[in-house]
Amino acid sequence: MKVNITREEIEAFDRATIRGSIEGIAAGLAVSLPASFAAQRYSHAYRALPLSLKALGVVLIVGPAWAIQTERRGVEFDEEYNWKGISRQLLDNAKAREVSEWDNLSSKEKFLKWVARNQYKVILGSWAASMAVAGTIIMRDRHQSTSQKVVQARMWAQGLTIGVLITTGILTHSQRKESANHHAVDHSWRELLDAEAKEAESRKIRQLSQTS
């Protein structure tokens with residue numbers, strides 16, 4: 001892995017993340033805007049919502065899409081341009097071991113591991129889906145005025161936010177507990193040093209054979 005980074009590489013990384021940002025925003029808008037227009041056309045409850053809540057629904061889709069795709073492009077750039085030679089080989093070996101371990105897991109273990117890796121995506125997605133369901137149910141109540149519905153929606157939002165925080169704490173605690181029970185020491189740095197030493201020795205041997 002490279003340590004000294006040039007200005008050109010920083011600018012290239014910025015271009016990669018900007019590209020990811022544009023892709024994420026475009027993908028989020030491609031999903032959220034048609035869905036919003038369709039709901040506006042076919043759902044009376046959605047039409048009764050204030051503009052701020054409709055905009056919030058779009059943001060809840062565009063925001064995660066933007067963040068995920070930006071990070072994805074940044075990781076891809078880092079792996080492609082900064083991990084080369086022995087470092088790249090060790091990275092590929094680590095990925096191969098991870099795939100092999102994943103294939104040996106049961107369906108339940110795969111689900112739990114996927115949730116642990118993507119806990120914030122799962123939590124935010126569940127929160128957004130719960131908000132959408134709660135908003136739909138509230139807006140269908142014909143016995144309340146729009147202002148009363150907005151107040152009730154805010155109460156639901158506060159309750160769901162507290163639930164999200166509690167769930168996040170539980171998942172984080174479980175993940176830390178599992179890590180403590182299955183603590184593994186990272187020896188990748190030692191493997192990297194050994195591989196680089198072997199590569200340097202092989203270069204010296206080739207140089208000696210060429211001079212002799």
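Any value given below was found using the heavy atoms of this structure, including those in side chains, with hydrogens, waters and symmetry copies removed.
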R41 side chain near R47 side chain, heavy-atom distance below 4.5 Å: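 No, every pair of side-chain atoms sits at 4.5 Å or beyond.
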
Verdict with reasoning, Q69 to R19, per side-chain contact (heavy atoms from CB on, under 4.5 Å): CA-CA 9 Å; Q69 186 63 12; R19 175 190 173 190; over 6 Å; no

Any donor-acceptor N/O pair, S36 side chain to S32 backbone, under 3.5 Å: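 Side chain of S36 to backbone of S32: no pair is present.
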
Spacing of I68 atom CD1 and E23 atom CD [to the nearest 0.5 Å]: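 So the CD1 of I68 and the CD of E23 are separated by 13.5 Å.
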
CD on E76 to CG on D78, rounded to 0.5 Å: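 If we round to the nearest 0.5 Å, D78:CG and E76:CD are 11.0 Å apart.
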
When clusters are formed by joining ILVMFWY residues with side-chain heavy atoms under 4.5 Å apart, either directly or through shared neighbours, do [X] and [Y] land in the same one?
X	Y	value
V58	I25	yes
L29	W66	yes
F37	Y42	no
V62	L33	yes

Distance-only polar pair, side chains of T17 and T70, donor-acceptor under 3.5 Å: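 Note: T17 and T70 side chains miss the donor-acceptor criterion.
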
